[in-house]
S.K.: 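Sharing a structure here in structure tokens format.
Heavy atoms only: backbone and side chains are in, while hydrogens, waters and symmetry mates are out. Throughout, numbering of the chain's residues begins at 1 and tracks the sequence.
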Amino acid sequence: MQQKIILSNIDKIIHDWDGLGEYEKKRAEMLAGEGYAVFASDLYGQGIRPTTLEDKKARSGALYSDRDEMRARILILHGSRDEVAPMTDVADLATALDNDRVEFRMDIFGGARHAFTVWSGDRYSGQADQASWSALKAFLSQQLR
């Protein structure tokens, strides 16, 4: 049965810092297979795919600096061994969201590193990927009634 969805900030898939690619498209297909209407955003624009570390940092940094937009997104799925965004940063984010009275949900996956759901990556964690996928589906089910 297809679920009717009202478009909001939580019905989108946002790409990683290198732009919209096959990974995000596959995840969108997976959600569509669960009965959701999915929109995979290309925040950089058609054909813009940063390739150098400096360009990736610059493009993603510009997006992340829009804190109001980032706070409008509810669910955070994070690995406890993320070397890019360590747990101290996660704690600081939770404190800031609490201080601003932003409602949020945060799930931490023990032992998982940065990009733990990327199948082709060396940091992939099958267990954390499956658990985070279940958490996402539960979150969508609760939020998109």
Side-chain angles (χ1 to χ4, degrees), residues 3 5-45 48-145:
Q3 197 169 354
I5 297 182
I6 298 171
L7 294 179
S8 69
N9 283 337
I10 58 175
D11 61 350
K12 301 181 204 104
I13 291 181
I14 306 298
H15 56 75
D16 202 350
W17 71 341
D18 52 355
L20 183 65
E22 292 306 313
Y23 173 78
E24 292 83 8
K25 292 174 186 176
K26 180 61 178 173
R27 288 294 183 177
E29 290 173 7
M30 290 171 68
L31 281 172
E34 295 287 334
Y36 291 100
V38 183
F39 179 76
S41 300
D42 185 349
L43 300 178
Y44 296 153
I48 299 174
R49 298 295 175 263
T51 56
T52 66
L53 184 61
E54 293 78 23
D55 195 21
K56 290 177 182 182
K57 285 181 180 179
R59 292 200 180 269
S60 63
L63 295 173
Y64 297 155
S65 66
D66 186 349
R67 301 317 263 169
D68 290 335
E69 177 64 20
M70 294 302 284
R71 287 179 177 159
R73 303 174 194 284
I74 305 302
L75 180 62
I76 300 165
L77 303 171
H78 194 77
S80 68
R81 290 189 49 221
D82 188 323
E83 61 281 0
V84 175
M87 290 303 295
T88 53
D89 291 354
V90 175
D92 290 344
L93 173 62
T95 299
L97 292 171
D98 280 339
N99 288 343
D100 289 344
R101 293 179 169 40
V102 174
E103 187 177 322
F104 67 97
R105 175 178 168 185
M106 184 181 296
D107 290 4
I108 307 296
F109 300 94
R113 297 173 60 204
H114 188 76
F116 65 86
T117 65
V118 179
W119 304 291
S120 61
D122 63 348
R123 297 171 286 190
Y124 178 75
S125 168
Q127 183 177 357
D129 180 26
Q130 290 296 318
S132 68
W133 184 251
S134 294
L136 173 62
K137 291 191 308 184
F139 176 80
L140 291 174
S141 177
Q142 292 167 359
Q143 296 296 316
L144 302 177
R145 293 180 191 207

S.K.: Less than 3.5 Å apart, which donor and acceptor atoms pair up between the side chains of residues 89-97 and the rest of the protein, not counting sequence neighbours?
M.R.:
residue, atom, partner, partner atom, Å
T95, OG1, A91, O, 3.0

S.K.: Taking only residues two or more places apart in sequence, or in another chain, which ones meet D129 in a side chain to side chain donor-acceptor pair (under 3.5 Å)?
M.R.: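 Testing D129 for side chain to side chain donor-acceptor pair (under 3.5 Å), a comparison that skips the adjacent residues, returns R27, W119, Y124.
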
S.K.: Quiz question: by atom type and distance under 3.5 Å, do the side chains of T117 and Y23 form a donor-acceptor pair?
M.R.: yes

S.K.: Are any of the side-chain heavy atoms of F109 and S125 separated by less than 4.5 Å?
M.R.: no

S.K.: Taking atom NZ of K26 as the centre, does the number of heavy atoms from other residues, nucleotides or ligands within less than 6.0 Å exceed 12?
M.R.: no

S.K.: Hey, is CZ on R81 packed in by over 12 heavy atoms from elsewhere, all under 6.0 Å?
M.R.: no

S.K.: Hey, what do you get for CZ (F139) to OG (S132), rounding to the nearest 0.5 Å?
M.R.: 13.5 Å

S.K.: Between S80 and M87, which heavy-atom pair has the shortest distance, and what is it?
M.R.: O-CG, 3.4 Å

S.K.: To the closest 0.5 Å, what do you measure between NE2 (H78) and CE (M106)?
M.R.: 8.0 Å

S.K.: Just verifying a value: how many Å separate E103 CD and D100 CG, rounded to the nearest 0.5 Å?
M.R.: 14.0 Å

